[in-house]
> 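Let me begin by handing over the structure; questions about it come next.
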Amino acid sequence: MDNSGNPQDSVVPPVEGVAGGGTAYGWNDNCSQSSGPLNGSINPTEIPTADLVHVWCMPSTANVGPQEMPRPLEPINLLAARNERESVQIALRPKVSWSSSSTAGVVQVQCSDLCSASGDRLVVGQSLMLRRVVPMLGVPDALVPLDLPVCQISLIPGETTAVWVSIDAPYAQPPGLYEGEIIITSKADTELSSQCLGKGEKHRLFMELRNCLDNVEPIEGKPLHEVVERAKSTATTLRRVIFSPLFSEFFSDNGPIDMMDEDAISNLSVRVKLSLTVWDFILPATPSLPAVIGISDTVIEDRFGVRHGSDEWYEALDQHFKWLLQYRISPFFCRWGESMRVLTYTCPWPADHPKSDEYFSDPRLAAYAVPYSPVLSSNDGAKDYVRKEIELLRTKAHWKKAYFYLWDEPLNMEHYSSVRNMASELHAYAPDARVLTTYYCGIV
């Protein structure tokens with residue numbers, strides 16, 4: 001068997017860093033060691049997973065790409081306050097291929113609840129989540145949810161795959177040390193079938209296929225070198241999808257999936273020890289440093305096929321708002337006007353709608369954008385609408401969160417003059433109105 005391209009004894013410097021509340025890694029000798037070279041046909045049910053797969057941990061701040069080299073496996077030790085999320089990555093890279101298809105093989109990832117000595121738990125699927133790091137145009141980016149508590153992942157020869165592990169310490173979680181483990185077990189072809197793929201894995205395949213489509217559709221008129229790069233990226237993604245277990249029936253005869261018994265898991269699996277210390281204080285619900293991120297409403301309309309102003313449109317924006325808010329991000333939606341003028345708004349409903357108070361009073365929201373409709377239409381009706389909105393919002397306690405974002409990265413004095421004129425109109429209605437102006441630092 002040719003195992004070229006799968007490093008066996010690569011030595012790289014240790015990773016030592018801190019992720020958020022304190023993810024620490026150092027160099028020691030307590031790493032999983034291979035028992036020796038493998039020759040001939042490989043049966044993963046009889047060979048320790050450590051002999052087949054490199055497993056190691058990386059901080060959440062690291063970009064773990066396909067060519068990330070193996071490091072020693074060490075226990076994961078995380079620190080978090082209550083109402084805080086901590087994340088870490090588990091990297092997997094095949095040492096050899098044991099599958100009859102063009103993949104290196106499939107591993108099963110199984111995680112347990114994190115338990116304290118007093119019996120309190122951080123439950124898998126609620127506080128502990130797994131996501132697969134999926135490259136977008138060759139850059140590790142998308143986080144695709146995996147099934148819990150057990151999922152299966154296809155490994156590609158000569159490539160590193162990363163699993164993103166997130167742990168939420170709820171607001172009322174008792175402080176203490178919580179311990180558990182993530183168990184990684186290599187699987188044989190006969191243990192796989194298309195039926196064993198859960199919703200998370202199927203969603204990953206769907207996202208990768210859609211990424212291929214998005215990658216090749218807009219190539220008309222692009223430079224040749226960019227077309228070549230897009231074609232290479234698409235080919236890599238398609239190869240990963242085609243040779244996944246979903247299509248394994250076309251490469252070999254498959255039997256029904258059969259979960260390993262506990263003894264087999266104990267003897268052959270790689271066990272990644274995971275601990276989280278929950279401190280006895282609570283992070284405030286409102287971020288001390290607002291992080292605002294904009295989403296084009298036209299992109300949402302195109303991607304989800306919804307008509308502007310329809311019930312489905314409001315539902316799509318509402319889902320995006322709630323999704324981002326859980327990550328301590330204060331979102332706004334935007335629509336471009338002439339030049340780089342931009343209409344920005346956090347709530348799609350007017351200020352007198354009940355949803356407006358629901359959005360703006362949410363303690364997780366640190367800042368919200370108020371729409372300045374004259375950006376798109378400078379008639380008297382648009383200006384009158386803005387004045388009435390401001391008058392109502394100024395009576396609310398959440399007005400201190402409000403800001404106006406009128407122009408994206410002004411380039412010259414003419415642009416800044418336009419921003420100044422719009423700001424003057426706003427300050428005539430509300431002298432305390434905050435106007436956010438981003439600046440352009442590139443080459444005009």
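Note that this is a predicted model, so its numbers are computed, not measured.
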> Side chains of Tyr178 and Asp113: is there a donor and an acceptor less than 3.5 Å apart?
no

> Should the pair Lys95-Asp51 be classified as a salt bridge under the 4.0 Å nitrogen-to-oxygen rule?
no

> Leu325: which residues meet the side chain to side chain contact (heavy atoms under 4.5 Å, CB included) condition with it, sequence neighbours left out?
Phe321, Pro331, Asp362, Arg364, Leu365

> Strictly by modelled atom types, are Ser186 and Thr49 linked by a side-chain donor-acceptor pair under 3.5 Å?
yes

> Which residues pass the salt bridge (Lys or Arg N to Asp or Glu O under 4.0 Å) test with Arg210, not counting sequence neighbours?
none

> Rounded to the nearest 0.5 Å, what separates atom NZ in Lys273 from atom SG in Cys57?
12.5 Å

> Which residue is it: Val292, Thr344, Leu393? I am looking for the one with a side chain to side chain contact (heavy atoms under 4.5 Å, CB included) to Tyr368.
Leu393

> For Ala423 versus Leu406, what's the shortest heavy-atom pair and its separation?
N-CD1, 4.2 Å

> I want to know whether Trp349 and Tyr314 have ring centres closer than 6.0 Å.
yes

> Supply the atom-to-atom distance Met58 CE to Ile90 CD1, rounded to the nearest 0.5 angstrom.
12.5 Å

> Give me the atom names and distance for the closest heavy-atom approach of Val370 to Ala402.
CG2-CB, 3.8 Å

> Below 4.5 Å, heavy atoms only, C-beta onward: do Leu52 and Pro44 meet side chain to side chain?
yes

> Give a yes or no on whether a salt bridge exists between Arg82 and Asp280, defined as a side-chain N under 4.0 angstrom from a carboxylate O.
yes

> With distance as the sole criterion, is a donor-acceptor pair present between the side chains of Trp399 and Asp432 under 3.5 Å?
yes

> Is the side chain of Thr160 donor-acceptor paired with the backbone N or O of Glu68 at a distance under 3.5 Å, no angle test?
yes

> Ion pair present between Asp352 and Lys388, side-chain N to carboxylate O less than 4.0 angstrom?
no

> I need the minimum non-hydrogen distance between Trp279 and Ala81, along with the two atoms involved.
CE3-N, 4.2 Å

> Looking only at side chains, do Asp297 and Tyr345 share a donor and an acceptor under 3.5 Å apart?
yes

> Side chains of Ser269 and Thr185: donor-acceptor distance under 3.5 Å anywhere?
yes

> How many angstroms lie between CZ in Phe360 and OG1 in Thr346, if you round to the nearest 0.5 Å?
6.0 Å

> Tell me, do Arg71 and His54 make a side-chain contact under 4.5 Å, heavy atoms counted?
no

> Minimum heavy-atom separation for Ser373 and Val386, please, with both atom names.
OG-CG2, 3.3 Å

> Please walk me through it: do Thr438 and Asp408 pass side chain to side chain contact (heavy atoms under 4.5 Å, CB included)?
CA-CA 6 Å; Thr438 55; Asp408 185 42; 3.5 Å; yes

> Distance from Leu128 atom CG to Cys111 atom SG, nearest 0.5 Å?
5.5 Å

> When rounded to the nearest 0.5 angstrom, what is the spacing between CZ in Arg121 and OG in Ser116?
9.0 Å

> Are Arg420 and Glu425 close enough for a salt bridge, meaning some N to O gap below 4.0 Å?
no

> Between Ser127 and Asp168, is there a side-chain donor-acceptor contact under 3.5 Å, judged purely by atom types and distance?
no

> Under 3.5 Å, is there a donor-acceptor pair linking the side chains of Thr437 and Tyr405?
no

